[in-house]
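The figures that follow rest on heavy atoms only: side chains count, while hydrogens, waters and symmetry mates do not.
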Protein chains: 2
Amino acid sequence: MTSEVGPTSRVTMATVAEVAGVSVASVSNALNERVGLSPEVRSRILAVADGLGYRRNTLAQELRIGRSRTVGLSVVDLANPFYADLSQGVIKTAGEHAYDVFLSSVGPESESLKEVVDGFMDRRLGGLLFTSLTNADAELLRRLQKLAIPFVKLVRDVQGVVADWVGIDDYSGGVALGEHIAATGRKTVACLGGPSDSNASASRVNGIRVGLARNGINLINESQPNLHGTPTRMSGYDRAMNLLQKDSSIECIIGGNDVIAIGILDACKDKGFSVPEDIAVAGFDNMTFSSAGPLDLTTVDVPREQIGAIGMKFLIERMDGFNGPPRRKFLPFDVAIRSSTSPKNV
Amino acid sequence: MTSEVGPTSRVTMATVAEVAGVSVASVSNALNERVGLSPEVRSRILAVADGLGYRRNTLAQELRIGRSRTVGLSVVDLANPFYADLSQGVIKTAGEHAYDVFLSSVGPESESLKEVVDGFMDRRLGGLLFTSLTNADAELLRRLQKLAIPFVKLVRDVQGVVADWVGIDDYSGGVALGEHIAATGRKTVACLGGPSDSNASASRVNGIRVGLARNGINLINESQPNLHGTPTRMSGYDRAMNLLQKDSSIECIIGGNDVIAIGILDACKDKGFSVPEDIAVAGFDNMTFSSAGPLDLTTVDVPREQIGAIGMKFLIERMDGFNGPPRRKFLPFDVAIRSSTSPKNV
DNA sequence: CTGAAAGCGCTTACAG
DNA sequence: CTGAAAGCGCTTACAG
């Protein structure tokens, strides 16, 4: 019982050094593939380390060298598959470059962005990736810039904070979606966008407005407060119910993202409207399940995984010392036309 | 330019000590609320630390004390909202107890479970949470037990590894679902389960089989290899297409989880079968979007968030030194009956 | 009530 | 080619 292998008896470099009959410095040199070690000693050390099941203590290493190969990724709503896909892109690219990802969730159920960032900084992470910024976060980001901590903004951008950003041209996406809706022949169209303090949400709504206007259509809820709102299913449901109650002649409701659109679909069902016969519904994002058989939601296909992948690539370059001017990378998108907006007469 | 505030100039306890005119030990004592400091000195130190924007270096602290308030959570498929909900439960409970969560994704796109666990151990995390174990992982878990690293198994269990587990009685869930399907009047029923090396998947299929058998119904694909498979949408689609091609008289297909069921729905759509008129479809998990208006999938409602919350609670107790016998916590579940299995004659 | 000193497990100039 | 020593930023007995 006394020979129990507890966590305190973990093998360290000192253990390896002792067994191999060399100094700790040589163990470190061998493990880090530095030059100046005779091949024999090197392989002996490696063999001993392996035999003992040695694993480097990341805490000690990072404390010593003052750098970390772990990056922080903050995500607002883990339950939104859009962010799951984006995270996969980040994680995959990180793995390819031997980086790890510390994923933190921001939201009512978890911590505020400030708390998350504090946690990231307390761990001295090498760099940060943000998915859902608002202009209110500008100060936080500027603090990071002062401390020379590299970060990349994904999807949403923040005014006045010049830094790498990856996303799509949400405005043009909105225009394309608006044009598509107009082409289906619907004239009475409402839009239930995301929060107005998200630059992406605002651009999407602006684009949708313009795409429709080019075809002589004005949003019926243009000056109503429901034009913007929380990007949740519940909010989409509530706002859609409200619209449908007041005006049953609506021919189409566009959600600022797919999750909102799901809420709109819920409301249509509860109100007994069938899609697309009675009413058309569209979203934005193309989250995984939007293409599910019965859902079949028309949406703007945002390259979610690629945004994560390129964002991570940008971040790695910054951590590796790249010091060029901030980049803004617009990725191509598509309008995924599905049956939720099929022409009425079909 | 030379006064740039770089990461090297971060304020440490030494900085605070100097400014406050005390020793580093006193700063540490003040920050950790240990007794024996005069209230005046204590509050002065705290004020100085605050003014300087001091933040404790977690790496140094954890290295020194040999314990960590961060736990590791391994998730197979981030894109499956089931795990997103479960993760939210873990994260929320962790936050309430001042713990952090290091979320890692296991899968073809990312790392193997062994790599993930190695990463967790290299960081000397305080405890681990596993979501998707198979019996092949038994050895890995036993290694953790030898090192006295606390962990909790979620959803799936592993034979031969006695440790805390939280989930539902998947077998009974299957029985209840099978009985429901039988009650809808369908007789020709197939089941496309998850992987056979997942104890949860196996139990679900066993339960479904028994629930149907009690009503005189046998699975039509009982001895076919497609009874088990990958728990992905693609696999559900492929296997369902195969079934539908061979036998168009099938009245119901049950998926081993909701993601598989989505694939089944995709296949039904492509084959021109309408749900539930031509064919009924059911799943298992009740992931968020299964209730979406047009999807409206019948499924077993697994308390996803609660599994995460209670699992985290168990883990905290272990990290706090609780040394009682391993617990097995079965949470209550429900069958969420929706229109995808509505009776044919309606 | 407060401080000097050792040490957690590493890495890195610097001697030899 | 190899090792002794200092130090990353903390915490914790132990003196005073």
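- Each of Ala25(B) and Pro39(B) was assigned the nucleotide of DNA chain C with the nearest heavy atom; the assignment lying further toward the 5' end belongs to Pro39(B).
- The side chain of Ser28(B) lies closest to dT11(D) when the candidates are dT11(D), dC10(D), dG3(D).
- Here dC10(C) presents its P atom at 7 Å from CZ of Arg124(B), a figure rounded to the nearest Å.
- For Val24(A), whose side chain is taken as the heavy atoms from C-beta onward, the closest listed nucleotide among dT12(C), dT11(C), dC1(C) is dT11(C).
- Set against dC1(C), dG7(C), dA6(D), the side chain of Arg64(A) has dA6(D) as its closest nucleotide.
- Rounded to an integer number of Å, the gap from Gln61(B) CD to dC8(C) P is 17 Å.
- Closest to the side chain of Ala60(A), from the set dC10(D), dG9(C), dA4(C), is dG9(C).
- Leu63(A) comes within 4.0 angstrom of a base, heavy atoms only.
- Glu18(B) places its CD atom 14 Å from the P atom of dG9(D), with the value rounded to the nearest Å.
- In this entry the distance linking CG of Leu37(B) with C1' of dT11(D) reads 14 Å, nearest Å.
- Between Lys153(A) and Asp137(A) no salt bridge is recorded (no basic side-chain N to carboxylate O distance below 4.0 Å).
- Whole-Å rounding puts the Leu31(B) CG to dG9(D) P distance at 15 Å.
- At dC8(C), none of the side-chain N or O atoms of Arg67(B) fall inside 4.0 Å of OP1 or OP2 (strictly under the cut-off).
- Look at Ser23(A) and you won't find any side-chain N or O under 4.0 angstrom from OP1 or OP2 of dT2(D).
- In this structure, Glu40(B) places its CD atom 13 Å from C1' of dT2(C), rounding to the nearest Å.
- Regarding contacts with the backbone of dT11(D), a side-chain N or O of Asn32(B) is found under 4.0 angstrom from either OP1 or OP2.
- Phosphate proximity of dT2(D) to Ser38(A): present, with a side-chain N or O under 4.0 Å from OP1 or OP2.
- In this structure, a donor-acceptor pair under 3.5 Å is present between the side chains of Arg156(A) and Ser198(A).
- No engagement by Arg42(B) is indicated, since no non-hydrogen atom pair under 4.0 Å with the nucleic acid exists.
- A donor-acceptor contact under 3.5 angstrom links the side chains of Arg56(A) and Asn32(A), judged on distance only.
- With salt bridges taken as basic N to acidic carboxylate O contacts below 4.0 Å, one links Arg143(B) and Asp118(B).
- The partner of dA13(C) is absent, by the rule that a Watson-Crick or G-U pair needs both atom distances under 3.5 Å.
- Put simply, Ser26(B) has no side-chain N or O that comes within less than 4.0 Å of OP1 or OP2 on dT2(C).
- Nucleotide dA4(C) is matched to nothing when pairs are restricted to Watson-Crick or G-U wobble geometry with both distances under 3.5 angstrom.
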